[in-house]
Amino acid sequence: MLPLLLSLLSPVAAAVDVPHETYTLDNGLEVILAPDRRLPKVVVDVWYDVGSYDDPQGKSGFAHLFEHLMFKGTGRVGEGDFDAFMEQAGGWNNASTGDDRTNYFDVAPSSALDLLLWLEADRMTDLDVTQKKLDVEREVVRNEKRQNYEDRPYGEFWIKLPPSLYPASNPMHRSGIGSHEELMASTLEDVTGFYERFYGPNNAVLTVAGDFDPAAIKPRIQALFGRLPQRDVPERVLVKMPRKPVKNEVDLTDDVTLPMVTYTWLGPAAYRAGDAERDVLAYILAGSDDARLSRRLVHEERLAEQVSVSQYSQRWDSIFLVQIMASPGADLARIDTIVEEEIAAVVGDKPPTAQELDRARATLEMSLLNGVQTVLGKAELLQRYNMYQGSTDYLEQDLARYAAVTPASVQAEAKLMTPDTRLRMRVLPEQGGE
Amino acid sequence: MRPLLLALTALAVAGCPKKVATPELPVEAAFPERPLPGAPAVFTPAVPVETALSNRIPVYTVTDDSLPLVSVRLVVPTGSIQDPAQFHGLSALGTAMLGESSADRSALEQAAAVEGQAASISFGVGRESLQMSVDSHADRLDNVLPLAADALLRPAFSKDDWARVHSQHVTGVKASMDSNAAVARMISDRQWWGAAHPYGPPTSGTVSTAEAVTLAKVKAWHAAQVHATGAAFVVVGDVSSEQATEMLEAHFGAWKGGKRSAPEVGAAAAPAGLVIVDRPGSTQTVVSVVLPGQSESAADRAPLNVVQTIMGGSFTSRLNRRLREELGYTYGARMRVDRLAGGGTIRAGAAVRGDATADALSELLGLLQSAQTDGFSEAEQGRGRAQVITATVDGVETRAGLARVYANEIASGRAPAEFGGFVASLDTLTPQAVSSAAAMLDRDKALIVLVGDLSAIEGPLKDKGFTDWTVVTVGEDTK
């Protein structure tokens, strides 16, 4: 079986090959160049090795707030001009803060590449933050929290999930958006210190992807980034990640019509043993309408409107999340029972079938192909491999770990997913609901 | 915000990296001057090859063999405007039944068959068109198209499927009203167009109208509306025009045409004024301002698209800069343009801090006014144009994206090749044309809809001079 599967996967590797090269400047900046001349556009994508995990104590949400401040101007670029210069050239940009990294990406016509590189080098060295900028941007972040969490149906779930999974001693206990109180506690000194510690070339990876000539751009990268001084980046103290959530059951209420029931298990980090198996298990349970949990809850017993199961693979652990939108009047205890039964069946008398594994792999193939259609998609994937595996050259091994998944290895992971090892969190309608 | 990493889509790909020596170069004394960007290359979208099936359905194909993927879109000129008033939601429910059981397979068997090809087949309906989307590996397209044909042309309309789909749809309509933004949209459309206007009700229907739809009506809808007359295919990906036409002929060539009635679409009610929907406890207010816009048949879309971008289509847009960056009232302010056959709207809005509602509304209306009376600088116009061009390139980067763009052109009554004309018109846009479009931002014609906590916002609204409003409740359709 294995050789057949590998031969099926090899054409995938060939089809999604992203030609690229890597090198490192003397000051530690890693560079990834991925030319692609299909469309006249480029992406400059910078990943800094800092995230919400590194929020100062008592200042949850800080790394994300800081990300916002990176757009507020430098000694050379006035407030508002970072975006104005880029948009004048037809470009746009965005950023995101995760637990383990913060990424900044710029997309523009190829003719603007030099400008994009200049802007990224400039803010890596000369950020200008005032109390007024901090105060305004803090309010923007608080609005983001109101819009995306507090006023959004089921939004509170995402705030309450981290402290229900991780102990208070673990930095992952905090939500990345932070609390209003702790956001208000951030000071200008915090901002300066954070920048000086984490935002330097030796804590960053620069990826350029799209319509450009590497030979022409390398001297420019050297001239702009090669001059930047290294930072004294503190050693990150990694705490041991728990294998079991700190809470077993949490109920929330919200102004919603339908109950949402979720079950979460903690697991191995991205690319580690068991991660691919949990991906496949997620597919087996709810990867399609006729998947085991979807079929039973939505079609057969009509207890749910929607079922999704996802393996969120992270740098230091993973979150296996079963998310069920219950139907009006559904017996929630029965949903508990069915979820337990279906996972137990995977372990017991209904192991994963060859067809289920093949379909999971075929879905993976399509995901890979779709992911590399865009220049930004290519840049982000190379960055992820680089940060999580220390190398951009991981495609073959990545595909091989899925090829190596067997019914027994999936069962081994499912066996760890019991009611005792999970967090069940429900969002119940305030009004007694449906 | 903590990003949620979807594991299956986060798998990276790599070729063979080469470590190369860092070139030795002189370091300049001072930080280099900010470079000025060059002129962007002129972008010309791919022109599709046009063929036709034996039943005269046109097929527009763009071949791209850089990846073994194909996206197919089918446009059928029928939508919710054809729904009878007391059965709004009929076309949405009928569309939801496509892809359930077919003549040969149960719903789960159909799903398994599609999954077995690692493909996706989906259906959607708007006010004026129904679209089928098929995404497949190029090698398996000929296995996937018959599944799509079964779903579209031979749905079984089983009672079991109907019971589930109908219940889920009505529940979904109820649950959608949990969102203040969805309520704002629904009320804006109803007020602007009029409750009895074909564009007034939501495509999904309301709870009461969707509940009233029966399986018999859905079957009749399919027979009357889902036929080949006016339909068109768009195919983008690793397939030639000849191959695409041959495959589609095999599975859709026998599809017959029919008659379709086009309802009368009159003018919008377009009532200027302030409407408030009370949602006690909301920490934000959803502010929505609606103005008259352009219909799909407008000869020149580019000027209004540039106005929309300058005002609320980019980070440095006037609305976003003022309401988010300068005043901290919101996480993001936007403007959008909606075009339909019978007319269109311009919508500006944001979800703002509850305590800043009156101030934010006042600022927003002031920005509309200054744009209307003073227009835009040359730099702003250049920025807007550049952004629209970039958004166009971004929109066609994937096969599905290009297929969607061309399908939407067809749905708007244009041939796909006309999209190239739109792109070219951006390069020849004049300041006068943009100013004419900006003249449409007439605050005196605005319908304003606020969804928030009335008890918290009414005092400040009065203080700011907003004294005349209507409180709207939406009956059983919302909480």
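Excluded from the calculations below are hydrogen atoms, water molecules and symmetry mates; all remaining heavy atoms, backbone and side chain alike, are included. Residue numbers start from 1 in every chain, and the chains themselves are labelled A, B, ... in the order their sequence lines are given, proteins ahead of strands.
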**Message:** Given 3.5 Å as the limit, does a donor-acceptor pair link the side chain of A/W118 with the main chain of B/P32, or not?
**Reply:** yes

**Request:** Please state whether the side chain, the backbone, both or neither of B/E326 comes within less than 4.5 Å of a heavy atom of chain A.
**Result:** backbone

**Prompt:** How long is the span from the CZ atom in A/F82 to the OG1 atom in B/T316, to the nearest 0.5 Å?
**Reply:** 12.0 Å

**Item:** Approximate separation, where rounding is to 0.5 Å, of B/L108 CG and A/S288 OG
**Value:** 8.5 Å

**Full working for side chain to side chain contact (heavy atoms under 4.5 Å, CB included) between A/Y283 and B/E115** = CA-CA 11 Å; A/Y283 181 85; B/E115 276 298 311; 2.3 Å; yes

**Request:** Name the member of B/S314, B/A181, B/G332 that forms the most heavy-atom pairs with chain A at distances under 4.5 Å.
**Result:** B/S314

**Item:** Separation between CG of B/N180 and CD of A/Q147, rounded to the nearest 0.5 Å
**Value:** 11.0 Å

**Asked** Are the side chain of A/R302 and the backbone N or O of B/A163 linked by a donor-acceptor pair below 3.5 Å?
**Response** yes

**Fill in**
Shortest non-hydrogen pair, A/H299 vs B/A107, comes out as CE1-CB, 4.5 Å

**Item:** Proximity breakdown for B/F315 and chain A, heavy-atom pairs closer than 4.5 Å
**Value:** both

**Winner by heavy-atom pair count (cut-off under 4.5 Å) against chain B, out of A/V140, A/V136, A/D151** = A/D151

**Item:** chain A interface, residue from B/G328, B/S136, B/P35 that has the most non-hydrogen pairs under 4.5 Å
**Value:** B/P35

**Prompt:** Have B/T330 and A/N143 got a donor and an acceptor in their side chains that come within less than 3.5 Å?
**Reply:** no

**Residue selection (most heavy-atom pairs with chain A, distance under 4.5 Å) from B/Q168, B/Q110, B/R383** = B/R383

**Prompt:** Can you tell which of A/E79, A/R138, A/M366 has the highest number of heavy-atom pairs within less than 4.5 Å of chain B?
**Reply:** A/M366

**Asked** Taking all atoms of both residues into account, what is the closest heavy-atom pair of A/D290 and B/A112, and its distance?
**Response** OD2-CB, 3.0 Å

**Item:** Side-chain touch B/R324/A/E137, heavy atoms, less than 4.5 angstrom
**Value:** yes

**Message:** Between A/Q306, A/R76, A/E87, A/Q373, who has the most heavy-atom pairs with chain B when the cutoff is under 4.5 Å?
**Reply:** A/E87

**Request:** Examine whether an atom of A/F71 lies under 4.5 Å from a heavy atom of chain B, and if so say whether it belongs to the side chain, the backbone or both; otherwise answer neither.
**Result:** neither

**Request:** Evaluate the side-chain proximity of A/E365 to B/P68: yes if any heavy-atom separation is below 4.5 Å, no if none is.
**Result:** no

**Item:** Inter-residue atom distance B/E100.CD - A/D289.CG, 0.5 Å rounding
**Value:** 7.0 Å

**Item:** Euclidean distance, A/L39 CG relative to B/E397 CD, rounded to 0.5 Å
**Value:** 5.5 Å

**Asked** Do side-chain atoms of B/R399 reach the backbone of A/N370 as a donor and acceptor pair under 3.5 angstrom?
**Response** no

**Asked** Can you tell if the side chain of A/W92 reaches within under 4.5 Å of the side chain of B/D394, non-hydrogen atoms only?
**Response** yes

**Request:** Check the pair B/R321 / A/D83 against salt bridge (charged side-chain N to carboxylate O under 4.0 Å, His left out), numbers first and verdict last.
**Result:** CA-CA 10 Å; B/R321 196 173 66 233; A/D83 292 294; over 6 Å; no

**Message:** Would you say that B/P37 contacts A/Q88 through its side chain, given a criterion of any heavy-atom pair below 4.5 Å between the two side chains?
**Reply:** no

**Message:** Counting heavy-atom pairs under 4.5 Å with chain B, which one of A/E305, A/E139, A/R295 comes out on top?
**Reply:** A/E305

**Message:** How long is the straight-line distance from CZ of B/R353 back to CZ of A/R142, given to the nearest 0.5 Å?
**Reply:** 8.0 Å

**Pairing of A/R38 and B/D64 as salt bridge, 4.0 angstrom limit** = yes

